[in-house]
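One structure is given below, encoded as structure tokens.
Whatever order the structure lists them in is the order used to number ligands and atoms, beginning at 1.
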Amino acid sequence: MVQHSDFDDPNVREVIVVGGGIAGLSAAIYLGRAQRDTLVIDSGHSMAKWEPVVENYLGFPRGVGGEELLENGRLQAEKHEVRFARDEIKNVAIRDAMFVLKGKKKTYRTKRLLLATGIFHLPPEIPGVKQCLGHSMFFCKDCDGYRVREKRIAIVGANNEAVEYALGMLYYSACVIVATNGDRPRWDKRHARWLEEYEIPVARKRICDVEHRRRKIRALEFGSGERVKIDYLFTTRGDIFHNQLAKKLGAKLDSDGQIKVDQCMRTSVPRLYASGCVTPANCQMIIAAGQGAAAAQAINRDLFEESLATHSLRRFRAAQLDEEKTVPEISKTKRKGRKK
Ligand SMILES: Cc1cc2nc3c(=O)[nH]c(=O)nc-3n(C[C@H](O)[C@H](O)[C@H](O)COP(=O)(O)OP(=O)(O)OC[C@H]3O[C@@H](n4cnc5c(N)ncnc54)[C@H](O)[C@@H]3O)c2cc1C
């Protein structure tokens with residue numbers, strides 16, 4: 001059983017995970033099963049919610065809803081005594097070797113902190129497209145390219161990344177255009193040559209509307225009255241990394257703002273870990289889940305080593321020995337058949 005009484009204040013936990021999306025939940029399951037007193041604090045905006053049918057997660061040949069995956073993950077973690085708080089952490093500091101997390105509702109304290117706060121994909125600045133998110137508007141070629149095979153696809157963007165997206169899409173469909181949405185193209189000469197070589201049309205005018213019915217996109221409408229029939233739209237406007245807490249703690253970030261981690265998800269700050277899309281990993285659910293598990297394993301190992309170093313492994317050993325008599329008695333066996 002998890003030993004909670006070491007932490008008298010109910011807001012002080014052995015491990016706190018900020019972020020209850022795919023990475024945070026996966027970590028929570030491992031931490032709960034490792035008997036760690038764990039709290040997951042989540043503001044409830046996992047990107048996984050946007051995916052109605054996840055087709056690339058191991059073990060679901062018919063796909064699984066993103067929401068369902070999150071719900072099941074939480075149930076699985078709760079089964080192992082992990083606690084959950086619905087809150088948003090606004091600030092964090094280190095005091096007396098404790099991370100002090102200030103949420104909108106409460107203050108929390110912990111010695112080990114895992115940040116699994118994810119990212120936010122910037123939606124395109126096109127009116128009327130929000131309802132199509134996850135249905136016919138996507139951010140991720142690797143997640144959704146397969147499901148748009150042989151359809152008409154528009155890539156919205158004006159930089160090298162947009163061109164590479166369009167080129168990558170040729171594996172899935174021959175009907176691909178780039179729409180700059182009125183922005184001046186910023187791709188370099190090499191990328192411009194590729195557009196020519198593969199005959200990818202470029203629509204340069206501002207998109208004034210997206211025609212769609214029941215979340216299915218039908219066409220892009222341009223201010224000039226022109227119209228391009230498409231079935232799916234991918235956007236490459238960029239991502240916002242939820243790295244504010246890591247920044248406040250002085251953790252190293254890469255040039256994009258992703259939290260740098262080692263193979264075990266340890267950051268540059270002692271006792272601080274990070275996993276999922278907020279790190280430089282490829283932003284996929286199965287990778288986020290794997291990273292969450294890796295972080296939990298590292299936390300568990302580090303806590304174990306700390307307990308050995310401080311002679312505090314199983315702090316309740318004395319009571320256990322007294323009350324539960326868990327040590328089998330080693331009695332001397334009497335030898336039979338020997339006379340004095
Ligand atoms: C439309 C769409 C479709 C996608 N489809 C697929 C797909 O088919 N397959 C696939 O593999 N991937 C897909 N993805 C990507 C997938 O959703 C991510 O890879 C995955 O959710 C990343 O997990 P994560 O735990 O890093 O982040 P998230 O799951 O986004 O979780 C982060 C959590 O942290 C919380 N949080 C952030 N900051 C704070 C704070 N300060 N305090 C408290 N809580 C906080 C958020 O509320 C959120 O719940 C899709 C993404 C989108 C947007």
Can you report which non-hydrogen protein atom sits closest to [atom], along with the distance?
atom: atom 42 (N) of ligand 1; value: Ile89 N, 3.0 Å
atom: atom 13 (C) of ligand 1; value: Cys143 SG, 3.4 Å
atom: atom 29 (O) of ligand 1; value: Ser46 OG, 2.7 Å
atom: atom 36 (N) of ligand 1; value: Ser43 OG, 3.5 Å
atom: atom 30 (O) of ligand 1; value: Met47 N, 3.0 Å
atom: atom 19 (O) of ligand 1; value: Gln284 C, 3.3 Å
atom: atom 25 (O) of ligand 1; value: Ala23 N, 2.9 Å
atom: atom 15 (C) of ligand 1; value: Cys283 O, 4.0 Å

Report task. Evaluate the criterion salt bridge (charged side-chain N to carboxylate O under 4.0 Å, His left out) for residue pair Glu88 and Lys105; output intermediate values, then yes/no. Result -> CA-CA 8 Å; Glu88 185 181 342; Lys105 296 184 187 162; over 6 Å; no
With heavy-atom distances below 4.0 Å as the criterion, list the atoms of ligand 1 near [X].
X: Ile41; answer: 43 (C), 44 (N)
X: Gly19; answer: 33 (C), 34 (O), 35 (C)
X: His121; answer: 53 (C)
X: Asn56; answer: 7 (C), 8 (O), 9 (N), 10 (C), 11 (O)
X: Arg147; answer: 8 (O)
X: Gly276; answer: 26 (O)
X: Ile22; answer: 21 (O), 23 (O), 25 (O), 29 (O)
X: Ala288; answer: 22 (C), 23 (O)

Under 3.5 Å: N/O of [X] near N/O of ligand 1:
X: Ser275; value: no
X: Trp50; value: no
X: Cys277; value: yes

Query - Contact with ligand 1 for Asp87, non-hydrogen, under 4.0 angstrom - result: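 True for this residue.
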Query raised in the report: Does at least one non-hydrogen atom of Ala48 fall below 4.0 angstrom from an atom of ligand 1?
Result: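 Per 4.0 Å heavy-atom rule, Ala48 contacts ligand 1.
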Query - Glu196 and Lys189 ion-paired at < 4.0 Å - result: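 Between Lys189 and Glu196 there is no salt bridge, as every charged N stays at least 4.0 Å from the carboxylate O atoms.
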Requested in this report: Decide, yes or no, whether a salt bridge links Glu211 with Arg227 under the criterion of side-chain N to carboxylate O below 4.0 Å.
Outcome: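 Answer for the salt bridge query: yes.
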Query raised in the report: Taking Val92 as the fixed residue, which of Leu101, Leu272, Leu115 is the one that meets the side chain to side chain contact (heavy atoms under 4.5 Å, CB included) rule?
Result: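 Result: among Leu101, Leu272, Leu115, Leu101 is the only option passing the side chain to side chain contact (heavy atoms under 4.5 Å, CB included) with Val92.
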Candidate with minimal heavy-atom separation from [atom], of [options]:
atom: atom 46 (C) of ligand 1; options: Asp42, Leu115, Leu101; answer: Asp42
atom: atom 5 (N) of ligand 1; options: Gln244, Glu51, Glu88, Met285; answer: Glu51
atom: atom 39 (C) of ligand 1; options: Asn243, Thr117, Val53; answer: Thr117

Report task. Take the SG atom of Cys283, take the SG atom of Cys277, and say whether they are under 2.5 Å apart. Result ->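 Answer is yes, sulfur atoms closer than 2.5 Å.
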Query - Criterion salt bridge (charged side-chain N to carboxylate O under 4.0 Å, His left out) on Lys205 and Glu226, from CA distance to verdict - result: CA-CA 9 Å; Lys205 297 200 175 122; Glu226 285 165 29; 2.8 Å; yes
Report task. Just do the salt bridge (charged side-chain N to carboxylate O under 4.0 Å, His left out) check on Arg266 and Asp302 with the steps written out, would you? Result -> CA-CA 10 Å; Arg266 296 182 183 98; Asp302 293 350; 2.9 Å; yes
Query - Cationic tip of Arg149 above Tyr146 ring, under 6.0 Å, 45° of axis - result: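 The answer is yes; both the distance and angle limits are met.
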Query raised in the report: Regarding Arg74 and the six-membered ring of Phe84, is the cationic atom NZ or CZ under 6.0 Å from the ring centre and inside 45° of its axis?
Result: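 Pair Arg74/Phe84 counts as cation-pi.
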**Report entry** Distance flag for atom 3 (C) of ligand 1, protein heavy atom under 4.0 Å
**Finding:**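 So far as the 4.0 Å threshold goes, atom 3 (C) of ligand 1 is in reach of a protein heavy atom.
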With the side chain counted from C-beta on, respond yes when [X] and [Y] share a heavy-atom pair under 4.5 Å apart, and no when they do not.
X: Leu114; Y: Val18; answer: no
X: Tyr108; Y: Ile41; answer: yes
X: Asp144; Y: Phe139; answer: no

Query - Short side-chain donor-acceptor distance under 3.5 Å, Asn56 and Gln284 - result: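 Present: a donor and an acceptor within the cut-off.
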Query - Residue of the set Thr38, Asp37, Thr110 for which side chain to side chain donor-acceptor pair (under 3.5 Å) holds with Arg13 - result: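 Option passing the side chain to side chain donor-acceptor pair (under 3.5 Å) with Arg13: Asp37.
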Query raised in the report: Pick one: which of Arg301, Arg112, Arg271 meets salt bridge (Lys or Arg N to Asp or Glu O under 4.0 Å) with Glu306?
Result: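 With Glu306 as partner, salt bridge (Lys or Arg N to Asp or Glu O under 4.0 Å) holds for just one option, Arg112.
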Query raised in the report: At a non-hydrogen distance cut-off of under 4.0 Å, which region of Ile119 contacts ligand 1 (side chain, backbone, both, or neither)?
Result: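 None of Ile119 does.
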